[in-house]
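Comments concern the structure below.
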Amino acid sequence: MHFKEFNLNKLLQAGLDDVGFQEPTPIQEQCIPLLLQGYDVLGAAQTGTGKTGAFVIPVLEIMLKEKKDHIRTLILSPTRELAQQIDEQIFALGYHTDTTSCTIIGGEDFGKQAEAIRAGVDILVATPGRLIDQMKVLDVDFSGIEFFILDEADRMLDMGFLPDVQHIIDKLPNTRQNLLFSATMPKDIHKLASNIMKDPKKS
Ligand code: AMP
C-alpha cells in the first residue's frame, strides 16, 4: 500500500514525501491504523523495521487535529542515541507542522531542557534517568499526556530502568494511550504491559 491511502494530514504527508517514505513497512502498516483508532499496542519490533515511524506518524496525525499548549506525548528510550534518532524522525516527519519536541537526555544542557518542559513542548523524548532528575527539580506537568510510548522495553529492563520507568508511569494520567515496543517478549515485559495497558492489540 501507499502512505496516501491513510489520508493523513497534508502537512504530515509533506514530511513523508520529504524523507521519501512511500510505502509503510509491515510494522507501520499494522500499528498506524491501531493507534489511529485509539488502541493500546504491544509490538514485537526490532531496530531497522521502521518501528519509529510506526508510532511517530499516528501520534503526529492525532496531535495535528487539535492544537494544545502542554506536554501531550512522552516517549521513553533506554539510550541517548535512540532518543536522538527518534527526535530526528519527529523533526523530519513533522517539519511542515508546528509540532515541537525535545530530548531529555544526559550529557545535554539541563537548563535548556527544563525551559522546554516549562514551555509545554508537545513531545518529550527522554531517557528515564534524566527525566527523573528533571522531575526532582521541576514540577513537570504530565496531566495532559495523551500518548505514552515505551521503546525497546526489553533493553530498558535489562539496563535496570524498571523502577524509574514505573516511577514515571505513576505520574501519568490513566486516560492516556500506550504503546510498548520490545524486540523480545520475556515474562517481565508481558507483566509490565498488563500493568500499564488496557487490553492491548498485539502486532
Ligand atoms: P527504525 O526501525 O525506525 O529505526 O527505521 C529504520 C530505517 O528505516 C530508518 O532509517 C528510517 O528512516 C527508515 N524507514 C522507516 N520507515 C520507512 C518507510 N516506510 N520507507 C522507507 N524507509 C523507512
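Counting starts at 1 for both ligands and their atoms, following the listed order. FYI, the numbering just counts along the sequence from 1.
A side-chain N or O of Glu108 and one of Gln84 form a donor-acceptor pair less than 3.5 Å apart.
Residue pairs that meet the side-chain hydrogen bond (donor to acceptor under 3.5 Å, both in side chains) test with at least one member in residues 67-81, sequence neighbours left out, are Arg72-Glu146. Pairs passing the side-chain hydrogen bond (donor to acceptor under 3.5 Å, both in side chains) check and including a residue from residues 184-203, sequence neighbours excluded, read Asp154-Thr184.
Legend: residues meeting ring pair (Phe, Tyr, Trp, His ring centres under 6.0 Å) with Phe110, ordered by chain and number and at least two apart, are absent.
Checking side-chain atoms of Asn178 against main-chain N and O of Ile196 turns up a donor-acceptor pair under 3.5 Å.
Ligand 1 is surrounded by Phe3, Phe21, Glu23, Pro24, Thr25, Gln28, Thr47, Gly48, Thr49, Gly50, Lys51, Thr52, each with at least one heavy atom closer than 4.0 Å.
Between Phe3 and Phe21, the angle of the ring planes stays under 30°, which puts this pair in the parallel group of the 30/60° scheme.
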